[in-house]
Amino acid sequence: MYTSLGEFICRLEREGELLRIKTRVSSDLEIAEITDRMAKTHGGGKALLFENTDREFPVLTNMMGSDRRMAMALGVGSLDETDRRIDMLLQQAGSPKDAFADKLKMLPMLAEMARWFPRKSARRGECQQVILRGEEADISRLPVLKCWGCDGGRFVTLPMVNTVDPDSGIRNVGMYRMQIFDGHTTGMHWHIHKTGARHYEAYKRLGRKMPVAVALGGDPVYTYCATAPMPDNMDEYLLAGFLRRKPVKLVRCITCDIYIPSDCDFVIEGYVDPAEEKAVEGAFGDHTGFYSLTDLYPRFHITAITHRRDAVYPATVVGIPPQEDAYIAKATEKIFLAPIRLAIQPEIEDMTMPVAGTAHNLAVVSLTKRYTGQATKVAQALWGAGQMMFNKYMLLTRSGIDIRDPQTLAAIMRRIDPERNIIRSEGILDVLDHATATCGFGGKAAIDATDIDPQSVVESYKLPDKIAASHGVSHTDTRYAEEWGVVILFATHDADPKAFIEENGLDCVNFAVVLDEKAYGLCAADLLWLAAANTDPRRDLYSVGRCMAVDARSKRPGAEGNPARWPNAVTSLPETIDAVDARWDEYGIGEFIESPSRRYRPLLLSDTEKW
């Protein structure tokens with residue numbers, strides 16, 4: 001594996017996966033706009049190394065933003081290799097060991113496992129070649145990005161936040177964004193469901209300050225592992241050791257008793273004081289494609305910053321999908337499918353989370369069905385398992401279905417009986433889910449398609465030849481009706497979709513998705529993203545005849561059980577778009593790429609950026 005982030009960069013360049021930008025660029029909006037354009041090109045484009053920034057360090061973005069680069073980050077030719085390796089390991093560990101000879105066969109595997117555990121070193125690491133304390137430990141020296149026009153400030157977006165349980169001493173490495181408040185203070189955005197927040201509460205009960213160490217860079221597998229849905233009390237650096245087939249070498253921080261990887265590029269040391277009042281953090285253009293709005297989070301106080309002499313600052317840009325995080329999520333699907341089968345649901349054959357679902361909103365599962373109600377059991381079990389508890393919509397199919405083939409999924413959706421096949425529930429949602437009126441809790445819906453044969457005969461819909469605008473519905477898109485069983489309505493806030501559906505005989509189709517007028521003209525993937533993000537199944541799914549209406553319009557805040565606040569979609573400012581357009585040739589990264597934000601700015605809820 002890689003001995004430094006710099007070594008990974010060299011590998012990316014040798015493999016034609018890196019573009020260097022030598023002209024001077026700003027970490028305030030410009031880098032993010034360039035990265036957003038690149039990330040949304042076919043296949044994720046290239047990694048970008050900005051060598052000449054407005055700070056003393058270069059910036060690397062989109063480093064894992066393609067299937068190939070994600071596999072390279074994990075040191076494999078393809079993600080299937082990691083999936084097969086985990087599956088084999090679990091099969092060996094879980095098979096019966098009745099005979100003495102069978103137990104002896106386990107010894108090589110146990111010896112290999114012993115080599116994965118992280119190892120502490122008494123020496124200083126490469127990440128401590130330069131040590132800054134006191135006033136010198138100023139985070140504004142780093143090229144921390146401001147990504148979007150309405151962000152509350154600059155945010156560290158790829159931090160590996162190291163904390164330790166004060167009771168058990170077990171380490172956790174999580175990825176929690178950090179807003180820069182001043183040169184020596186940031187926010188610490190750990191949600192209530194996260195392990196970092198649990199550690200925080202433990203220190204609060206003890207009346208002690210909480211030491212925190214934030215690592216950046218190093219072997220890219222560390223960054224991946226900080227995002228991984230590891231079981232609580234399991235060490236992310238053990239996963240890193242398994243993936244890289246080499247233990248992580250750890251060194252002690254300068255100002256606190258936390259150990260971090262020796263080969264990282266930066267380490268930001270400090271503490272959180274649970275006795276201190278929380279600070280207003282946000283807004284932030286998030287991976288949901290919408291702004292997560294301001295809220296109260298702990299303050300992180302910096303006591304030291306250390307770094308390599310040749311440090312590179314890694315950053316990611318999140319927003320309307322697809323972005324780099326989509327490829328990280330695909331890796332997680334592969335890596336954690338076998339453990340899910342073993343520990344939670346052995347009948348699960350395959351699982352995928354479409355990019356439009358921004359990781360949690362959408363999941364498609366195939367399973368080996370043996371009895372009535374099994375799909376309900378699997379859905380409920382997954383909704384109670386780790387980060388799958390954040391899932392909102394799930395499609396469950398029978399074994400042997402290619403759940404990654406759009407035509408097969410279309411055939412299944414076309415044959416759904418919404419009244420009979422939909423499973424409704426309630427449960428935990430992501431704190432970032434803006435559609436639910438109760439933060440972190442809302443509706444869930446699953447479709448039991450385990451008895452559906454995608455090759456079975458199905459009657460054609462008899463739709464009107466022409467559908468006139470009425471009842472506040474200005475446009476109707478029936479292109480997906482015959483293939484997917486879905487019609488799409490574009491309507492005003494005061495529209496009456498139910499009356500429109502009944503009047504035009506659209507209640508014969510399976511699903512009618514209602515979207516804002518401003519979404520008219522977006523592609524199918526964008527419409528799916530909006531439909532999943534802008535709905536709470538408790539409130540927004542209702543029957544009209546045999547049709548299931550899905551009201552995915554933006555909601556009026558506070559009215560009729562709606563959330564108190566409703567955010568804007570994430571887009572760049574017009575002046576940022578124009579500035580990057582004007583400088584494109586200077587960047588030297590190839591053919592001009594149109595700003596994706598031009599496509600999405602009509603979604604804004606008002607003529608201003610604020611809401």
Side-chain angles (χ1 to χ4, degrees), residues 12 17-19 27 29-50 59-71 73 79 145-151 155-159 175-177 189 220 223-224 226-228 283-292 314-333 352-362 390 430 432-434 522-523 525-530 532-533 567-572 576-577 580 589 593-601 603:
L12 290 174
E17 289 288 335
L18 179 80
L19 295 173
S27 56
L29 303 178
E30 185 178 14
I31 288 177
E33 169 64 12
I34 298 168
T35 302
D36 185 45
R37 297 186 190 204
M38 180 60 65
K40 284 187 170 62
T41 60
H42 180 71
K46 306 290 184 183
L48 298 172
L49 181 62
F50 299 90
V59 172
L60 177 67
T61 65
N62 205 31
M63 67 174 176
M64 293 184 281
S66 73
D67 289 332
R68 188 175 184 222
R69 290 197 297 282
M70 189 69 245
L79 295 176
L145 303 188
K146 181 176 181 180
C147 295
W148 305 104
C150 289
D151 281 355
F155 287 82
V156 181
T157 53
L158 279 181
M175 187 162 287
Y176 317 120
R177 78 185 190 221
H189 187 94
T223 300
Y224 168 73
T227 73
F284 176 71
D286 226 316
H287 75 276
T288 60
F290 291 84
Y291 281 94
S292 54
T316 192
V317 176
V318 294
I320 295 173
Q323 297 280 17
E324 181 179 16
D325 60 304
Y327 299 94
I328 296 173
K330 286 173 72 174
T332 296
E333 285 178 20
T352 185
M353 293 176 286
V355 172
T358 61
H360 298 135
N361 287 342
L362 301 172
F390 300 137
D430 193 339
L432 300 178
D433 192 303
H434 63 271
L522 293 179
C523 70
D526 290 334
L527 299 181
L528 181 58
W529 157 64
L530 287 171
N568 262 327
V570 177
T571 62
S572 289
T576 302
I577 298 170
V580 170
I589 53 176
I593 303 171
E594 185 74 44
S595 175
S597 288
R598 292 193 188 277
R599 195 160 70 242
Y600 301 117
R601 285 193 62 80
L603 295 176

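What you see is a predicted model, and the numbers here were worked out from it, not measured in a lab.
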Legend entry - Heavy-atom closest pair, residues Val580 and Glu30: CG2-CG, 4.1 Å
Legend entry - Nearest heavy atoms of Ser66 and Glu17, plus distance in Å: OG-OE1, 4.0 Å
Legend entry - Flag side-chain contact, heavy atom, 4.5 Å: Met38 against Leu19: yes
Legend entry - Separation of Cys150 SG from Phe284 CZ (nearest 0.5 Å): 13.0 Å
Legend entry - Side chains of Met63 and Glu324 in contact at under 4.5 Å (non-hydrogen atoms): yes
Inset, instruction - Assess the pair Phe290 and His434: is the distance between their ring centroids shorter than 6.0 Å? - result: yes
Inset, instruction - Identify the heavy atoms of Asp286 and Val318 that sit nearest to each other, and give their distance. - result: C-CG2, 3.8 Å
Inset, instruction - Report the C-alpha separation of Gln323 and Asp36 in whole Å, then their side-chain angles, then the decisive distance to 0.1 Å, and conclude whether the side chain to side chain donor-acceptor pair (under 3.5 Å) test is met. - result: CA-CA 7 Å; Gln323 297 280 17; Asp36 185 45; 2.8 Å; yes
Inset, instruction - Check ring-ring contact (aromatic ring centres under 6.0 Å, His included) between His287 and all other residues, then give those that pass, not counting sequence neighbours. - result: none
Inset, instruction - Search all heavy atoms of Arg177 against all heavy atoms of Ser292 and return the closest pair with its distance. - result: NH1-OG, 3.0 Å
Legend entry - Considering all heavy atoms, the nearest Glu33-Ser597 contact: OE1-OG, 4.4 Å
Inset, instruction - Look at the side chain of Thr41 and the backbone N and O of Gly45, then say whether any donor-acceptor pair between them is shorter than 3.5 Å. - result: yes
Inset, instruction - Give a yes or no on whether the ring-centroid distance for Phe155 and Trp148 is below 6.0 angstrom. - result: no
Legend entry - Among Thr316, Thr227, Thr223, the one residue meeting side-chain contact (heavy atoms from CB on, under 4.5 Å) with Met64: Thr223
Inset, instruction - Keeping the roles fixed (side chain from Asn62, backbone from Leu48), state whether a donor-acceptor pair exists under 3.5 Å. - result: no
Legend entry - Spatial distance of atom CG (Leu145) from atom OG1 (Thr35) [nearest 0.5 Å]: 7.5 Å
Inset, instruction - Indicate yes or no: at least one non-hydrogen side-chain atom of Leu362 is less than 4.5 angstrom from one of Met353. - result: no
Inset, instruction - Would you name the heavy atoms of Ala47 and Leu60 that are closest together and state the gap between them? - result: CB-CD1, 4.5 Å
Inset, instruction - Take Leu158 and Val156, measure what side-chain contact (heavy atoms from CB on, under 4.5 Å) needs, and give me the verdict at the end. - result: CA-CA 6 Å; Leu158 279 181; Val156 181; over 6 Å; no
Legend entry - Side-chain donor/acceptor of Arg601 to backbone N/O of Ser572, under 3.5 Å: yes
Legend entry - Lys330 vs Thr352 side-chain heavy atoms within contact, under 4.5 Å: no
Inset, instruction - Determine yes or no for a side-chain-to-main-chain donor-acceptor pair under 3.5 angstrom, with Arg69 supplying the side chain and Gly44 the backbone. - result: yes
Inset, instruction - Taking the side chain as every heavy atom from C-beta outward, state whether Ile320 and Thr288 have any pair of such atoms under 4.5 Å apart. - result: no
Legend entry - Interatomic distance, Leu522 atom CG to Leu530 atom CG [nearest 0.5 angstrom]: 6.5 Å
Inset, instruction - Apply the test side-chain contact (heavy atoms from CB on, under 4.5 Å) to residues Arg599 and Asp526: give CA-CA distance (whole Å), side-chain angles for both, the deciding distance (0.1 Å), then the verdict. - result: CA-CA 10 Å; Arg599 195 160 70 242; Asp526 290 334; 3.7 Å; yes
Legend entry - Between Tyr291 and Asp151, a side-chain donor and acceptor under 3.5 Å: no
Legend entry - Ile34 CD1 to Ile589 CD1 distance, which is reported to the nearest 0.5 Å: 6.0 Å
Inset, instruction - Would you check if Lys40 and Pro322 make a side-chain contact, meaning some heavy-atom pair closer than 4.5 Å? - result: yes
Inset, instruction - Flag the pair Arg37 / Ile577 as yes when at least one side-chain heavy-atom distance between them is below 4.5 Å, and no otherwise. - result: yes
Inset, instruction - Verify, without hydrogens or angle tests, whether Asp430 (side chain) and Leu432 (backbone) share a donor-acceptor contact under 3.5 angstrom. - result: yes
Inset, instruction - State which residues pass side-chain hydrogen bond (donor to acceptor under 3.5 Å, both in side chains) with Thr157; sequence neighbours excluded, sorted by chain then number. - result: none
Inset, instruction - Sequence neighbours left out, what passes ring-ring contact (aromatic ring centres under 6.0 Å, His included) with His360? Give chain and number order. - result: Phe390
Legend entry - Rounded distance (nearest 0.5 Å) linking atom CG of Asn361 with atom CG of Asp433: 6.0 Å
Legend entry - Heavy-atom side-chain proximity of Tyr327 to Leu79 below 4.5 angstrom: no
